[in-house]
Amino acid sequence: MIAYALKRIFVAFLILLVVSGLTFSLSHLSADPALTIAGEQASDEDIEAVRKLYGFDRPIVEQYGNWLGRALQWDFGDSFHYKAPVVEMISGRIGTTMTLGFLAILFALVISIPLGTLAAMRPNSFIDRFALLIAVFGQALPTFWFALMMIIVFGVWWRWLPISGNTTWAHFVMPTIALGYYATPALMRLTRAGMIEVLGSDYIRTARAKGLSPTVVLFKHALRNAIIPVVALAAVWFGFMLGGSIVIETIFNLKGIGWLSYDALLRSDLPVVQAIVLIFASFYVVLTLLADLLNAYLDPRISVR
Amino acid sequence: MIDMSLSPLRGQQTAEEILEPSPMSKLRRRIFKNHSFMIGAAILIVILVCALVAPLLAPHDPYELDLSKRLINPFWHDKKTDAEFMLGTDKIGRDYLSRLIYGAQISLLIGFSTILISGVIGTALGVTAGYFGGRVDMMVNFIINTRLAMPVFLVAMAAVVAFGASLHVVILVLGLFLWDRFAVVMRSITMQARDLDYVKAARAIGCSTPHIIIREIFPNVLSSLTVVATVEMANAILLEAALSFLGFGVQAPTPSWGLMLNEGREYMFFSPWLLALPGMGLFLLVLAINLFGDGLRDVTLERER
């Protein structure tokens with residue numbers, strides 16, 4: 001187990017190293033960063049001076065080494081455009097994105113677990129077909145279009161909800177639904193499949209045979225087991241949602257990291273983009289690492305393979 | 001099943017076996033009985049035909065603008081409609097129906113070209129890893145995990161910034177990113193197929209490795225390949241729409257549905273149909289592809305059972 005854990009942690013670090021290298025080289029393929037900083041009207045000497053000052057004249061490997069060294073000490077340099085430390089810009093906004101991601105995954109679970117359970121209890125019934133219909137439609141609905149339609153209906157026509165900003169809880173309602181519903185089909189299908197499998201197993205038959213009430217069997221015996229993979233998948237979806245938050249935060253003008261990355265890309269603000277890519281990647285790697293380790297702990301056979 | 005195909009008794013069929021419908025007609029019957037497959041295929045064919053004969057179908061040139069005919073309402077409104085423009089015109093007076101029809105071309109082009117690129121990359125990686133196993137498998141697994149750790153949407157946006165926004169760049173970027181599912185699925189199927197008796201037999205009689213992979217293994221992965229291709233095609237279409245919506249994708253004046261949503265956004269208060277229609281197109285197309293893929297999976301899985 002310990003050997004397996006150490007190996008997985010080593011691989012996780014290696015993955016982050018490669019991702020950081022790719023991110024760094026990708027962002028340096030784009031327009032000359034010195035030109036971005038100095039501005040369009042800058043003279044050639046100014047641009048040259050900026051290039052020297054920021055070290056863009058050094059070999060790319062050296063620049064990467066410096067950047068990575070500082071990144072490991074939680075220093076991603078200063079934003080080209082806002083001239084403020086990137087770390088401060090991100091830490092000021094990460095709360096909004098995390099709140100949104102958490103609410104969205106909560107929304108998805110609250111919808112998908114009861115619906116999946118009901119569908120599993122009566123396969124091919126009306127409720128099962130209804131759940132399937134929701135899953136099929138949900139998967140085909142473009143997130144950003146759904147968000148726009150909600151803005152038109154609930155924000156403009158009926159004026160129920162605010163359409164821009166993040167000052168009150170009401171500002172989070174539409175973004176949460178827009179971001180959360182997209183995870184619902186996958187989570188619901190997994191709940192349904194897991195429940196059908198568990199409900200057909202021997203120990204459930206035993207529990208029923210010894211006369212336990214159906215409620216106890218369903219919640220205490222069946223759901224508790226069927227829900228483990230659903231929670232694991234929800235953790236992975238949480239990672240995906242950080243990506244989805246870019247469109248949603250931009251549409252609703254929620255100024256979290258997603259909005260920040262859109263803004264930074266518009267301005268070719270490389271240090272900000274690099275930092276966000278690395279943070280999102282680390283988030284995904286850590287979440288999958290934890291899920292793997294948890295699985296190995298629950299099922300020791302995995303670590304031998 | 002496999003033993004049967006090698007056994008010398010194969011030629012002796014019983015009366016029931018002779019009278020039983022052929023596998024092909026059984027498959028045909030299953031396809032016709034599968035509602036999601038039939039509905040998906042029907043919508044898909046309609047959209048495909050629309051895209052293919054767009055020049056014949058579209059009443060106007062999708063690029064022809066007429067500033068005197070800006071924002072004409074579609075036919076269901078009472079005022080400011082024009083029989084010549086059934087679905088109205090956009091902010092610079094281009095016929096919306098024609099742009100919607102040509103938009104299907106763009107989405108389908110993105111979908112097909114992306115899965116062509118990503119399918120080749122993913123299948124090559126997955127089949128190699130599954131067939132050779134060991135160190136090769138470990139290496140490919142590492143590549144897959146690295147790719148999964150990269151936040152697709154953010155990196156795609158960064159790549160579009162780096163290489164300039166155009167249809168080709170979007171196709172290339174999505175193609176180079178969306179191969180992970182192909183690789184994962186192909187890897188596991190190849191692993192199973194590698195140990196089938198007839199593959200072992202082919203190896204025993206000295207067939208070359210490329211021959212075994214192409215002639216013996218590949219037919220096994222074909223049906224799963226098609227199913228994964230539908231999933232990734234839907235994914236690519238949605239991603240392109242989101243990228244174009246944010247301005248990091250296809251550029252004006254191309255009639256991409258995502259870009260049309262971007263252009264209609266400022267008119268969402270008074271002309272919400274500018275947003276509703278392209279989104280409906282996206283929704284229908286993705287829904288059809290998903291239904292088609294789901295149905296295909298059910299039909300082929302049933303056959304393998």
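Since the model is a prediction, treat every value here as computed from it, not as a measurement. Proteins come first, then strands; the chains are lettered A, B, ... in the order of their sequence lines, and each starts at number 1.
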Colleague: Under 6.0 Å between the ring centres of A:Phe137 and B:Phe283?
Modeller: yes

Colleague: Would you mind checking which part of A:Val11 comes under 4.5 Å of any heavy atom in chain B, side chain (CB onward), backbone (N, CA, C, O), both or neither?
Modeller: both

Colleague: Sort A:Leu266 into side chain, backbone, both or neither according to what part of it lies under 4.5 angstrom from a heavy atom of chain B.
Modeller: both

Colleague: Which bit of A:Ile251 is near chain B, if near means a heavy-atom gap under 4.5 Å: side chain, backbone, both or neither?
Modeller: both

Colleague: Are there more than 12 heavy atoms of other residues, nucleotides or ligands under 6.0 Å from atom CD of A:Glu197?
Modeller: no

Colleague: Could you tell me which portion of B:Met280 (side chain, backbone, both or neither) has an atom closer than 4.5 angstrom to a non-hydrogen atom of chain A?
Modeller: both

Colleague: Sort out for me which of A:Val277, A:Leu265, A:Val19 touches chain B most, counting heavy-atom pairs under 4.5 Å.
Modeller: A:Leu265

Colleague: Let's test your reading of the structure: which of B:Asn290, B:Leu285, B:Leu261, B:Leu246 forms the most heavy-atom pairs below 4.5 Å with chain A?
Modeller: B:Leu246

Colleague: Answer with side chain, backbone, both or neither: which region of A:Leu22 has an atom nearer than 4.5 Å to a non-hydrogen atom of chain B?
Modeller: side chain

Colleague: Using non-hydrogen atoms only, which part of B:Arg265 is less than 4.5 Å away from chain A: side chain, backbone, both, or neither?
Modeller: side chain

Colleague: Step by step, would you call B:Leu287 with A:Val136 a side chain to side chain contact (heavy atoms under 4.5 Å, CB included)?
Modeller: CA-CA 7 Å; B:Leu287 181 73; A:Val136 168; 3.5 Å; yes

Colleague: Considering only heavy atoms and a distance below 4.5 Å, find which of B:Ile143, B:Leu282, B:Ile289, B:Leu275 pairs most often with chain A.
Modeller: B:Leu275

Colleague: Sort B:Ala242 into side chain, backbone, both or neither according to what part of it lies under 4.5 angstrom from a heavy atom of chain A.
Modeller: both

Colleague: If you round to the nearest 0.5 Å, how far is CD1 of A:Ile151 from CE of B:Met268?
Modeller: 4.5 Å

Colleague: Using side-chain heavy atoms (C-beta onward) and a distance below 4.5 Å, is B:Asn145 in contact with A:Val285?
Modeller: no

Colleague: Answer whether the closest heavy-atom distance between the side chains of A:Trp145 and B:Phe245 falls below 4.5 Å.
Modeller: no

Colleague: At a heavy-atom distance under 4.5 Å, which candidate from B:Ala276, B:Ala234, B:Ala159 has the highest pair count against chain A?
Modeller: B:Ala276

Colleague: Looking at every heavy atom in both B:Pro151 and A:Phe280, which two are closest together, and how far apart are they?
Modeller: CG-CB, 3.8 Å

Colleague: What pair of heavy atoms forms the shortest contact from B:Leu238 to A:Gln139, and how long is it?
Modeller: CD1-O, 4.3 Å

Colleague: Between A:Leu287, A:Leu14, A:Thr23, which shows the greatest number of heavy-atom pairs under 4.5 Å with chain B?
Modeller: A:Leu14

Colleague: Among B:Arg147, B:Met150, B:Met157, single out the residue with the greatest number of heavy-atom pairs under 4.5 Å to chain A.
Modeller: B:Met157

Colleague: Considering only heavy atoms, which portion of A:Tyr262 lies under 4.5 Å from any heavy atom of chain B: side chain, backbone, both, or neither?
Modeller: both

Colleague: So, for B:Val286 and A:Ala140, which heavy atoms are closest and what is the spacing to 0.1 Å?
Modeller: CG1-CA, 3.6 Å

Colleague: Just wondering, are more than 12 heavy atoms of other shown residues or ligands nearer than 6.0 Å to CZ in A:Arg129?
Modeller: no

Colleague: Quick check: are there more than 12 heavy atoms from other residues, nucleotides or ligands sitting under 6.0 Å from CZ of A:Phe130?
Modeller: no

Colleague: With a 4.5 angstrom heavy-atom cut-off, which part of B:Pro272 approaches chain A: side chain, backbone, both or neither?
Modeller: both

